[in-house]
S.K.: 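Have a look at this one before I ask anything.
Because the structure is predicted, anything quoted here is derived from the model rather than measured.
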Amino acid sequence: NAGVTQTPKFQVLKTGQSMTLQCAQDMNHNSMYWYRQDPGMGLRLIYYSASEGTTDKGEVPNGYNVSRLNKREFSLRLESAAPSQTSVYFCASTRGTGYQPQHFGDGTRLSIL
Amino acid sequence: DAKTTQPPSMDCAEGRAANLPCNHSTISGNEYVYWYRQIHSQGPQYIIHGLKNNETNEMASLIITEDRKSSTLILPHATLRDTAVYYCIVRVVGNNFNKFYFGSGTKLNVKP
């Protein structure tokens, strides 16, 4: 059972480079989310997709874009990476109906020099 | 604005019950409370959720006050493997949106 799969697991970028973080889920979930977690802090929502074809901003969307490619996949793009975006990025999904919990991936650890 | 507030850390002796508090004084009537934990920066792991009734599963119990302004997660017999950061979360659901608001978490240290 794969659940939520994130790639890559680790990445180092230089300031100004671009990068896309990939997320895929195999649970037929409708809603998908991207969070960032800075050292010693909780998770903050970047963007989410309540259902296929829709995306909305979360608490900290500046500097990011997202694409809900299909029901399974939700990608996060950094167009011009900045050191302030050094963080651990988590993708999550949930059925979206009722009150089923979120399922999380293992995270992508991103360092920007 | 944070929807939940939690103490930054707590200690618990192995084998004893761990009681983790959470304040969510601005919660609305249809907003659920969820608890997750995170071990060693892995992806958060779901524990339990509830609306207004107390809930219990194989991992923990959730006690929600009658006014719903606070809740307590209870791990009945804490083990060393329960050492983790525990997050109290409010879920807000509306027309085509479905958001989870994480607090800053409580670091639970289970000691032998």
S.K.: Does atom CZ of Arg16(B) have more than 12 heavy-atom neighbours from other groups under 6.0 Å away?
M.R.: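 Atom CZ in Arg16(B) is not packed in, count stays at 12 or less.
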S.K.: If you count heavy-atom pairs within less than 4.5 Å of chain B, which of Leu43(A), Val4(A), Asp106(A) leads?
M.R.: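 Answer, by heavy-atom pair count under 4.5 Å with chain B: Leu43(A).
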S.K.: Measure from the side-chain N and O atoms of Arg44(A) to the backbone N and O of Tyr101(B), and report whether any donor-acceptor pair falls under 3.5 Å.
M.R.: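 No, because the side chain of Arg44(A) does not come within donor-acceptor range (under 3.5 Å) of the backbone of Tyr101(B).
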S.K.: Please report whether the ring centroid of Tyr34(B) lies less than 6.0 Å from that of Tyr99(A).
M.R.: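 Ring centres of Tyr34(B) and Tyr99(A) not closer than 6.0 Å.
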S.K.: Taking the side chain as everything from C-beta on, heavy atoms only, tell me whether Phe100(B) gets closer than 4.5 Å to Tyr35(A).
M.R.: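 A side-chain contact under 4.5 Å exists here.
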S.K.: Treat each ILVMFWY residue as a node, draw an edge where side-chain heavy atoms are under 4.5 Å apart, and state whether Ile112(A) and Ile46(A) are in one component.
M.R.: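 Hydrophobic grouping puts Ile112(A) with Ile46(A).
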S.K.: Is it the side chain or the backbone of Gln45(B) that comes within 4.5 Å of chain A heavy atoms, both, or neither?
M.R.: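 Answer is neither: Gln45(B) stays 4.5 Å or more from chain A.
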S.K.: With a 4.5 Å limit on heavy-atom distance, are the side chains of Gln102(A) and Arg91(B) in contact?
M.R.: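 No - every pair of side-chain heavy atoms lies 4.5 Å or more apart.
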S.K.: May I ask whether Tyr86(B) and Ile89(B) are part of the same hydrophobic cluster, defined by side-chain heavy atoms of I, L, V, M, F, W, Y residues being less than 4.5 angstrom apart, directly or through others?
M.R.: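 Yes.
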S.K.: Which distance, rounded to the nearest 0.5 Å, do you find between the OH of Tyr36(B) and the CZ of Phe104(A)?
M.R.: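 That separation rounds to 5.5 Å.
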S.K.: Quick one: closest heavy-atom pair of Pro101(A) and Tyr46(B), and the distance?
M.R.: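 Where Pro101(A) meets Tyr46(B) most closely, the heavy atoms are CB-CD1, 3.2 Å.
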S.K.: Quick one: are Met41(A) and Phe102(B) in side-chain contact, heavy atoms under 4.5 Å?
M.R.: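 No - every pair of side-chain heavy atoms lies 4.5 Å or more apart.
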S.K.: Identify whether Met19(A) and Tyr89(A) are in the same connected component of the hydrophobic contact network (ILVMFWY, side-chain heavy atoms under 4.5 Å).
M.R.: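 Yes; tracing contacts between hydrophobic side chains, which count when under 4.5 Å, links both residues.
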S.K.: Shared ILVMFWY cluster between Ile74(B) and Met10(B), side chains joined below 4.5 angstrom?
M.R.: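 Result: no, two separate clusters.
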S.K.: Nearest heavy-atom pair of Lys99(B) and Lys57(A): which atoms, and what distance?
M.R.: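 Distance-wise, the nearest heavy atoms are NZ-O, 3.8 Å.
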S.K.: Is Val90(B) linked to Val85(B) within one hydrophobic cluster, defined over Ile, Leu, Val, Met, Phe, Trp and Tyr using a side-chain heavy-atom separation of less than 4.5 Å?
M.R.: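 Yes, it is one cluster - the side chains of Val90(B) and Val85(B) are joined through contacts under 4.5 Å.
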